[in-house]
Novice: 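Dumping the structure here so I can ask a few things about it.
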Amino acid sequence: MDATNTALATKPHVDESHPEEHSVLNKTNAVSKETTPVKISIIIPTNAYFMSGIRDFTMTVVQNMTGFTEQWAYRFQSVVDELTNNAIEFGSAPGKDIKVTFVSIQGKSIEVYVEDTGTGPNKKTAAEMEAFIEERKNVDPTTITSIRGRGLTQIVSNWTDTLEFTDNQQGGLTAHVVKNLEAGEQL
Amino acid sequence: MAQVQITFQDVNVGGKAIKLIAFAGQLDETNVDNEAQKIYQVIEEMAEPNLILDFLDLEYMNSKSIGYVTDWYSKVMSKNGKIVITRPRVNILDILKVVGITQIVTVYENLEEAKASFGAAVAPAPEVAAVGATPNQTETPQA
């Protein structure tokens with residue numbers, strides 16, 4: 001081992017009485033276990049290419065920052081994937097962005113907002129989306145014969161406690177879902 | 001971008017020709033439209049399509065992928081064939097259940113049962129279990 005490596009491997013002297021050293025050296029990458037919300041926003045181009053990355057990130061957030069079981073991490077991965085896909089397909093035009101925001105509270109809940117810009121070719125209003133969900137949420141899923149039409153009404157509706165849409169300031173749509181951590185769903 | 005590999009194998013069960021179709025990777029918006037055409041082609045080519053969809057290495061499928069499964073089912077049934085699913089992972093079985101596909105297409109826990117279902121009558125397990133499933137992981141969603 002050369003001199004440089006030796007120096008790197010040696011634990012530096014820490015004067016914990018010094019306030020700055022104390023604060024910096026106590027910082028870690030560990031996620032806080034406190035119940036304060038952690039908010040993370042990701043902006044992606046309107047392109048399905050990026051959705052596998054969003055799915056991976058969703059798994060990481062739900063598994064590490066909420067207390068939900070692995071089963072619910074997978075379920076929320078699907079929820080976010082379906083919402084993001086809808087935004088890409090209907091809400092934002094190519095060249096525009098989709099914003100996905102996660103708000104997690106350890107041991108309590110996970111919320112996700114998916115915002116589009118309303119520039120897509122098949123833009124829907126919040127009222128139209130609410131009506132669409134209401135109309136189809138009680139349909140027997142085995143009677144659906146089309147290739148489309150299961151994402152929001154079957155997967156997202158069944159795997160979230162709250163599903164709502166609002167018309168946002170950009171002229172687009174914001175989908176908001178909440179899943180609360182209940183007994184039996186914890187790690 | 002998600003990657004998926006689909007491989008095809010001819011299997012003979014009691015003189016009946018079966019196509020074993022194995023999926024590996026992730027089926028999502030980026031690839032499912034193209035990949036689905038391979039299955040349609042198999043259905044088209046077989047006089048009586050008998051298909052086993054082996055999901056052992058399928059890590060993810062979105063709602064449109066599930067929609068294609070129901071469409072394949074319809075096309076196979078219209079040609080007096082049969083389609084079954086085998087060896088889904090826990091998360092895959094979970095999503096198949098929530099959209100009601102397990103009420104339409106029979107899911108077998110292992111490949112031998114799936115093959116046997118095309119020969120002598122073999123009843124599926126009362127409660128379909130996923131590969132590596134634990135009891136809690138196959139419960140109906142509470143949400």
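As the structure is a computational prediction, the values presented were derived from the model and not from experiment. For the numbers below, each heavy atom of this structure counts, side chains included, while hydrogens, waters and symmetry mates do not. The sequence lines fix the lettering, A, B, ..., with proteins before strands; numbering per chain opens at 1.
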Novice: Can you say whether B:Y60 sits under 4.5 Å from chain A via the side chain, the backbone, both, or neither, judging by heavy atoms?
Specialist: side chain

Novice: Could you look at B:I95 and say if it's the side chain, the backbone, both or neither that has a heavy atom under 4.5 Å from chain A?
Specialist: both

Novice: Would you call A:D116 and A:K123 a salt bridge, using N to O less than 4.0 angstrom?
Specialist: no

Novice: Name the orientation class of the two ring planes belonging to A:H176 and A:Y113 (parallel below 30°, tilted from 30 to 60°, perpendicular beyond 60°).
Specialist: parallel

Novice: Looking at chain B, which one of A:N85, A:N47, A:T153 has the largest number of heavy-atom pairs inside 4.5 Å, strictly under?
Specialist: A:N85

Novice: Applying the side-chain hydrogen bond (donor to acceptor under 3.5 Å, both in side chains) test to B:S63, which of A:E82, A:R150, A:Q154 qualifies?
Specialist: A:E82

Novice: Less than 4.5 Å to any heavy atom of chain A: does that hold for the side chain of B:N62, its backbone, both, or neither?
Specialist: both

Novice: Below 4.5 Å from any heavy atom of chain B, which atoms of A:S146 appear? Answer side chain, backbone, both or neither.
Specialist: backbone

Novice: Is it true that B:R89 and B:D57 have a side-chain N and a carboxylate O under 4.0 angstrom from each other?
Specialist: yes

Novice: Looking only at heavy atoms, what is the nearest atom pair of A:P37 and A:I105, with distance?
Specialist: CA-CG1, 3.8 Å

Novice: Would you indicate whether B:K79, at its atom NZ, is surrounded by more than 12 heavy atoms from other residues, nucleotides or ligands within a distance under 6.0 Å?
Specialist: yes

Novice: So for B:T70, is it side chain, backbone, both, or neither that comes closer than 4.5 Å to the heavy atoms of chain A?
Specialist: side chain

Novice: With chain B as the partner, which of A:A48, A:S78, A:G151, A:G53 has the greatest number of non-hydrogen pairs under 4.5 Å?
Specialist: A:S78

Novice: Measure distances from A:E89 to the heavy atoms of chain B and classify the residue's part below 4.5 Å as side chain, backbone, both or neither.
Specialist: side chain

